[in-house]
Amino acid sequence: MLTNEEKEALRGWFAGRLPEGLFLELLDVTVDREEITVVGRIPEPEVSADASATERDAALEGRAAEFRERTREDRMRVARDAERKFRRKVSWGVECGGRRAMYTTVAAPVMTRLRQPERQVLDTLIAGGVARSRSEALAWCVRLVQKHADDWLEDLRDSLENVRKVRSQGPDAD
C-alpha cells in the first residue's frame, strides 16, 4: 500500500506527463500492487434538449469509444513510460456525462484458501445465476462488501497510514 505522499507524487507525475488537453480534468489516479488506473473527464457530446434517455446514453457511449480510439497512441506512450517507472500496468477510463467507462483493466489472479462454508456461499451464488464461476462469485462478494463498507475501508486505510508514520519514527528509522 502506498503512502499518501507516494499517491500524490504518482498523481502529479500523470498530471505532468499526460498530453495537454487529453482530459478536461484528471479525476482519479488509483494504484494497487498490479495496476495504476487513470480516469479523466471528457466533454459530453451535444444532443438536442428533447433527446430521449436512450439517445443520450448512446451518445455518451459513442463519445467514450471515439475518445478511446482517437487517443490510443498518446495513452500507450504514457502507459509505457509509467510501466517502466512504476513497474505496474496502466489502465484507462473516462467519465462523460456522469457515466464512467473503463478500458483494458487488469484482472489479477488472487490465491486464497477457503473452508467449506465459504465455498458453499460461492457455490450458492453460482447456483442462483449471480456468477458463472467461483472466481466471479468471489469478485461479486468483494464488490458487495466494497459497496457497503466504503467509509469503514477508508477509515482503515487512514489508520494504516498513521501506523506507517509511527513506524517511520521508531528507533530503526534511517
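A quick note: this is a predicted structure, and the numbers were derived from the prediction, not measured.
- Under a 4.0 Å N-O distance rule, the pair Arg56/Glu44 qualifies as a salt bridge.
- When atom types are taken as modelled, the side chain of Arg63 and the backbone of Gly97 share no donor-acceptor pair closer than 3.5 angstrom.
- Listed by first then second residue, pairs satisfying ring pair (Phe, Tyr, Trp, His ring centres under 6.0 Å) with a partner in residues 131-163 number zero, not counting sequence neighbours.
- Counting only heavy atoms from C-beta outward, the side chains of Ile36 and Thr30 never approach each other to under 4.5 Å.
- No continuous path of hydrophobic side-chain contacts links Phe14 to Leu27 [ILVMFWY only; heavy atoms under 4.5 Å].
- Here the straight-line distance linking atom CZ of Arg80 with atom CD of Glu83 works out to 9.0 Å at 0.5 Å rounding.
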For residues 108-122, dump all side-chain donor-acceptor pairs below 3.5 Å to protein atoms at least two apart in sequence or in another chain.
{"from": "Glu118", "atom 1": "OE1", "to": "Arg115", "atom 2": "N", "distance (Å)": "3.0"}
{"from": "Arg119", "atom 1": "NH1", "to": "Leu114", "atom 2": "O", "distance (Å)": "2.7"}

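- Remark: side-chain polar atoms of Arg88 are not paired, donor with acceptor, to backbone N or O of Val31 under 3.5 angstrom.
- The line from CD1 of Ile42 to CG of Leu24 is 8.0 Å long, rounded to the nearest 0.5 Å.
- Looking at Thr104 and Arg68, their side chains do bring a donor and an acceptor atom within 3.5 Å of each other.
- Here the side chains of Arg164 and Arg167 are not in contact, with every heavy-atom distance at 4.5 Å or above.
- For the pair Glu8/Arg11, no side-chain contact is recorded, criterion being any heavy-atom separation below 4.5 Å from C-beta on.
- Counting only distance, with no hydrogens or angles, the side chain of Glu35 and the backbone of Val106 share a donor-acceptor pair below 3.5 Å.
- The closest donor-acceptor contact from the side chain of Ser133 to the backbone of Glu136 lies under 3.5 Å.
- A salt bridge links Arg84 to Asp81: one of the charged nitrogens lies within less than 4.0 Å of a carboxylate oxygen.
- There is a path of hydrophobic side-chain contacts, each under 4.5 Å, that joins Phe86 to Val90.
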Run Glu154 and Arg157 through side-chain contact (heavy atoms from CB on, under 4.5 Å) and show every step you take.
CA-CA 5 Å; Glu154 188 60 36; Arg157 288 183 192 104; 3.7 Å; yes
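- The side-chain heavy atoms of Val39 and Val94, taken from C-beta on, include no pair separated by under 4.5 Å.
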Please determine whether ring-ring contact (aromatic ring centres under 6.0 Å, His included) holds for the pair Phe67 and Phe23, giving the CA-CA distance in whole Å, both sets of side-chain angles, and the decisive distance to 0.1 Å.
CA-CA 10 Å; Phe67 175 87; Phe23 296 127; 5.6 Å; yes
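- Residue Ala64 comes nearest to Tyr103 through the heavy atom pair O-OH, 2.7 Å, listed as atom of the first residue, atom of the second, then distance.
- In this structure, CG on Leu138 lies 10.0 Å from CZ on Arg143, to the nearest 0.5 angstrom.
- Heavy-atom contacts from other residues, nucleotides or ligands closer than 6.0 Å to CG of Asp151 number 12 or fewer.
- The minimum heavy-atom distance linking Cys96 with Pro43 is given by the pair SG-O, 3.5 Å.
- Side-chain contact check for Leu26 versus Val38: some heavy-atom pair is nearer than 4.5 Å.
- Within the structure, salt bridge (charged side-chain N to carboxylate O under 4.0 Å, His left out) pairs that include any residue of residues 91-110 comprise Asp28-Arg100, Arg41-Glu95, Asp57-Arg99, Glu95-Arg100 (at least two apart or interchain).
- In terms of heavy-atom proximity, Leu125 sits nearest to Cys141 at CD1-SG, 3.6 Å.
- Using a 4.5 Å heavy-atom cutoff, the side chains of Arg132 and Ile126 are not in contact.
- Contact check for Trp92 versus Thr37: no side-chain heavy atoms found under the 4.5 Å cut-off.
- Heavy-atom neighbours of Glu73 CD from other residues, nucleotides or ligands within 6.0 Å: at or below the threshold of 12.
- For the residue pair Glu6 and Thr3, a side-chain donor N or O sits within less than 3.5 Å of a side-chain acceptor on the partner.
- Heavy-atom neighbours of Met102 CE from other residues, nucleotides or ligands within 6.0 Å: above the threshold of 12.
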As a quick check of understanding, evaluate side-chain contact (heavy atoms from CB on, under 4.5 Å) for Arg17 and Arg77, giving each step before the final call.
CA-CA 10 Å; Arg17 181 61 182 83; Arg77 196 170 21 260; 3.9 Å; yes
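- Val130 and Leu144 fall within the same hydrophobic cluster, defined by Ile, Leu, Val, Met, Phe, Trp and Tyr side-chain heavy atoms under 4.5 Å apart, directly or through other members.
- The distance from the CD atom of Glu34 to the CZ atom of Arg87 is 15.0 Å, given to the nearest 0.5 Å.
- When side chains are defined from C-beta on, Glu69 counts as touching Arg72, because their heavy atoms get closer than 4.5 Å.
- For Glu161 against Asn4, the heavy-atom pair with the smallest separation is OE1-N, 3.3 Å.
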